[in-house]
2 protein chains.
Amino acid sequence: MQRSYDSLGVIVTGFHAPRLDSVLPYSQTNEHDFIDTRAGVALSQDETTARGRATAEMVAERANVSRVAVSRAFNPHASLKPAKRELILRIAQELNYTPDRAARALVSGRSHLVGVIVPDVCSHWESQEIDALTTALQAEGFATLLFKTRIDYSMDEQLLAYMRGFNPDSVIAFVENVKPTTLAKFLDRAVPIYIHYPRSGAPEDRQAGPLHDRLNVLHRTGVEQAVSLLQGYGARRIAYVSGVDKSRANTAREDMLRVVMAERGLAPPIIAASDFSYDRAYAATLDLFRVGEGADAVFAANDVGAFGVIDALRHELNLRVPEDVKVVGFDDIAQSHWKSYNLTTVKFDLEERVRALVRLILRRLNNPDAPPLEETLNTRLVVRGTVG
Amino acid sequence: MQRSYDSLGVIVTGFHAPRLDSVLPYSQTNEHDFIDTRAGVALSQDETTARGRATAEMVAERANVSRVAVSRAFNPHASLKPAKRELILRIAQELNYTPDRAARALVSGRSHLVGVIVPDVCSHWESQEIDALTTALQAEGFATLLFKTRIDYSMDEQLLAYMRGFNPDSVIAFVENVKPTTLAKFLDRAVPIYIHYPRSGAPEDRQAGPLHDRLNVLHRTGVEQAVSLLQGYGARRIAYVSGVDKSRANTAREDMLRVVMAERGLAPPIIAASDFSYDRAYAATLDLFRVGEGADAVFAANDVGAFGVIDALRHELNLRVPEDVKVVGFDDIAQSHWKSYNLTTVKFDLEERVRALVRLILRRLNNPDAPPLEETLNTRLVVRGTVG
DNA sequence: GTGAAGAATGAACACGTTTTCACTTTCCGT
DNA sequence: ACGGAAAGTGAAAACGTGTTCATTCTTCAC
């Protein structure tokens with residue numbers, strides 16, 4: 001079996017053309033990425049409806065029971081003679097039957113979908129959070145419905161309307177600057193919405209506060225440990241390379257840093273404006289040391305930002321980390337232990353956080369009128385090689 | 001408004017306790033991560049059903065039209081007097097109505113959900129692909145339904161059955177070693193399945209080949225450029241730090257490297273077994289240079305692996321990159337331009353790839369019986385600082 | 001053996017939409 | 001004005017399930 005590439009509609013995108021004239025044995029051309037479609041086309045056509053799936057009706061017929069019995073067999077709480085349930089489940093498996101969740105959602109009002117709104121899946125912290133979230137939700141019988149919003153962390157009304165059509169049971173929004181009324185307009189009273197970033201302390205948040213479940217994170221602990229460590233190594237002039245301006249996470253972190261530094265008699269942090277990204281943090285650092293006054297130590301609003309700071313210091317400013325400048329991050333993402341960075345950082349226990357979040361969500365779904373619950377997680381400093 | 005932390009059920013996880021006795025003004029305690037729930041509770045209760053959403057029925061009543069007209073107003077292809085459509089859409093907006101997708105799916109057989117199965121959302125390449133995919137699908141009116149499978153890239157039958165319940169219109173699986181028959185057993189004839197890793201060239205794949213849509217990627221172009229560049233700098237002994245053994249992506253890349261090196265009269269690559277991860281690549285590199293014979297240049301199966309290689313060389317083996325050892329990766333993920341690595345790598349145009357994929361999917365959904373289509377993308381070498 | 005309590009059962013309804021199918025109205029060329 | 005085609009319209013059926021409710025069957029204490 002041989003084939004010539006120029007028989008295909010080849011899209012050539014490289015900066016020099018591929019060898020279109022090369023004719024290789026098929027076994028040597030497995031530079032193919034490959035996509036199967038309709039893998040099941042050849043399967044038996046009996047016992048399936050026109051749409052290709054077995055229904056409860058068909059299972060019932062084959063098992064000589066009513067359709068309702070089939071429904072009950074799949075609901076553990078329903079009462080059904082054990083032998084009958086076993087028979088039904090066996091036949092269901094033979095016919096490869098699973099209850100249709102769309103139909104189930106229609107009547108029960110539970111889609112078992114949790115909407116996740118995120119500005120950027122690739123962001124390290126977010127991607128790790130989504131990963132853990134999906135695992136946890138999957139274990140509880142829910143599926144993650146992913147939506148992207150604008151990169152500036154603002155909430156898009158069009159997106160909310162769009163998402164609403166899918167009827168999520170709950171929504172987790174990695175989103176800033178969104179008013180409860182906006183959310184309420186586009187989602188139903190019954191849908192709990194979880195804003196997954198730190199609160200800003202703005203008046204409207206405080207007002208809404210007591211009505212809602214809360215997951216608190218004590219930034220203070222980790223920040224105190226970090227500042228204490230920096231002080232111990234003689235750092236006095238500390239800079240903060242910020243996250244997105246006015247975002248909840250950035251405000252919370254910057255404010256806490258300011259409070260702790262004040263308590264310890266340090267001058268307020270020098271603020272270098274950035275946006276959580278590597279590139280902006282890199283540029284902000286260059287600015288800080290070339291145009292600005294520099295610093296003994298740099299706090300970055302997140303780990304990725306800290307990587308940008310470190311690379312700017314080492315590879316462009318010819319400063320040593322940690323000898324000349326110490327660097328501390330926030331999050332402790334998986335990449336922080338990579339040797340090139342080996343970052344000292346304030347850790348959030350991501351898995352614990354996601355477990356707590358899923359716990360809150362499920363509790364609220366099972367009991368919508370339960371009193372608001374508050375859970376609090378702590379932070380701690382993970383000491384590696386960028387302070388010392 | 002003041003509050004004391006020890007009035008909360010504080011979960012303390014740090015390695016030293018937080019200052020529970022501290023009492024700060026609320027505005028200074030915004031170390032809270034914060035979660036809103038049921039933001040809409042206070043909204044007006046009129047014009048909503050018990051479940052909290054307006055229905056087509058209610059819109060029809062208010063607009064003095066039939067319920068069918070409402071349905072048609074939301075379907076651009078249906079014929080409806082423009083004035084009427086406008087009226088309905090306006091009233092729908094007032095009532096904050098959106099068609100329920102579960103009900104729509106039930107009758108039309110289209111859920112507008114695309115299942116994405118992935119072993120690890122955090123993997124850089126996968127997370128970037130998921131991000132682009134979600135954007136593209138969202139633009140076409142589809143939503144991404146995320147599922148996690150086992151980390152060894154194998155396909156979990158239980159997961160397939162679970163996912164099937166959600167009735168995805170199509171499935172994109174970042175998965176290895178899965179037989180078409182397994183997929184077919186758990187998904188319907190009507191659901192196109194896209195395996196999103198390179199083919200292995202194994203007999204069963206070849207057999208299935210002509211029946212399916214395909215998205216080819218010409219590894220050859222980029223690999224030839226890379227090998228040519230390495231040869232130009234005098235590299236002769238080239239090692240390959242592999243991906244997961246027998247995985248499609250790894251096999252395709254390793255085989256192509258072998259073919260190209262043979263064509264150019266080089267000895268076969270020295271194989272160092274790894275699994276696409278930073279840590280294993282790091283360890284494999286130490287092994288290669290301490291126990292094994294070392295190399296002039298290292299090809300890594302992916303960029304993250306290349307980072308592990310670089311860090312092992314520089315920070316543990318005290319070798320210089322690129323002076324002592326040259327390194328080339330695969331993928332060109334966003335992190336590859338970070339200064340600490342500045343990686344020379346074989347680039348896949350991710351956006352273009354995702355666009356082509358979504359194009360194939362939509363075409364197949366709109367016309368299930370269309371003849372199989374094949375698209376081919378090219379690769380190219382992005383030259384940065386790890387070869388030279 | 002008897003009665004009552006509880007478990008098991010299936011018919012009918014409900015969920016919110018799209019699609020089909022007749023029917024009515026509008027439009028256009030002559 | 002006229003006929004025919006096209007566009008517009010709403011009643012009814014369908015999608016596949018969970019839930020309610022009245023009925024039948026089983027169990028168990030006496």
Side-chain angles (χ1 to χ4, degrees), chain A residues 47-88 92 95-113 141 164-167 169 188 190, chain B residues 47-88 92 95-113 141 164-167 169 188 190:
Chain A
E47 304 295 1
T48 64
T49 175
R51 260 182 211 177
R53 289 191 46 179
T55 75
E57 188 78 50
M58 290 159 49
V59 176
E61 198 173 331
R62 185 122 147 198
N64 267 329
V65 297
S66 76
R67 192 183 53 69
V68 185
V70 177
S71 170
R72 281 199 248 269
F74 279 88
N75 187 337
H77 303 300
S79 84
L80 191 67
K81 205 173 261 179
K84 204 173 201 172
R85 166 169 280 141
E86 208 168 325
L87 170 68
I88 293 175
L95 260 55
N96 202 21
Y97 166 80
T98 310
D100 183 327
R101 286 190 118 106
R104 181 181 270 186
L106 197 55
V107 54
S108 72
R110 281 287 160 81
S111 63
H112 286 256
L113 296 173
R164 200 174 62 121
F166 290 98
N167 245 333
D169 289 341
D188 317 321
Chain B
E47 302 296 2
T48 64
T49 177
R51 263 183 209 176
R53 290 191 45 178
T55 74
E57 188 78 49
M58 291 159 48
V59 176
E61 199 173 329
R62 185 122 148 197
N64 265 329
V65 299
S66 74
R67 196 174 45 67
V68 184
V70 177
S71 170
R72 281 198 249 268
F74 279 89
N75 187 338
H77 303 300
S79 86
L80 190 67
K81 207 174 256 177
K84 203 174 203 171
R85 165 169 281 141
E86 209 168 322
L87 170 70
I88 292 177
L95 262 55
N96 203 20
Y97 165 81
T98 311
D100 184 325
R101 285 189 119 106
R104 180 181 270 185
L106 196 55
V107 53
S108 72
R110 280 288 161 79
S111 63
H112 285 258
L113 296 173
R164 200 174 63 122
F166 289 97
N167 244 334
D169 288 341
D188 318 322

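Protein chains get the first letters and strands the later ones, always in sequence-line order, with residue 1 at the start of each.
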Inter-residue atom distance E61(A).CD - E57(A).CD, 0.5 Å rounding: 7.0 Å
Whether the side chain of R53(B) engages the backbone of R164(A) through a donor-acceptor N/O pair (distance < 3.5 Å, no angle test) should be reported. yes
Length of the CD-P vector between E61(B) and dG16(C), whole Å: 14 Å
Starting at CD1 of I88(A) and ending at P of dA8(C), how long is that distance when rounded to a whole Å? 12 Å
Okay, side chain of D169(A), backbone of S111(A): is any donor-acceptor separation there less than 3.5 Å? yes
Which of the following nucleotides, dG16(C), dG16(D), dT18(C), is nearest to the side chain of V107(A)? dG16(D)
Length of the NE2-C1' vector between H77(A) and dT19(D), whole Å: 15 Å
Output yes when a side-chain donor or acceptor of R101(B) lies under 3.5 Å from a complementary backbone atom of R110(B), and no otherwise. no
Need one value for F74(A): base, sugar-phosphate or nothing, where a base atom within 4.0 Å counts as base even if backbone is also close, heavy atoms only. nothing
Provide, to the nearest angstrom, the distance between the CZ atom belonging to R101(A) and the P atom belonging to dT17(D). 12 Å
Is there a side-chain contact between N167(B) and L113(B) in this structure, where contact means two heavy atoms from C-beta onward sitting under 4.5 Å apart? no
Atom CG of D100(B) and atom C1' of dG16(C): how far apart are they, to the nearest Å? 6 Å
How does each nucleotide of nucleotides 5-11 of chain D score, in 5' to 3' order, for protein heavy atoms under 4.0 Å: base (B), sugar-phosphate only (S), or none (-)? ---BBBB
Please report the distance, rounded to the nearest Å, between CZ in F166(B) and C1' in dT17(D). 15 Å
Quick one: pull up CG in L80(B) and CD1 in I88(B) and give me the separation to the nearest 0.5 Å. 5.0 Å
dG18(D) OP1/OP2 closer than 4.0 Å to side-chain N/O of S71(A): yes
In the structure I gave you, are the side-chain heavy atoms of F74(B) and R104(B) within less than 4.5 Å of one another anywhere? yes
Calculate the interatomic distance between L106(B) atom CG and dC15(C) atom C1'; express it in whole Å. 9 Å
Please report, rounded to the nearest Å, how far the C1' atom of dA8(C) is from the CD atom of E86(A). 17 Å
For R67(A), report the nucleic acid contact type (base, sugar-phosphate, nothing); a contact means any heavy atom under 4.0 Å. base
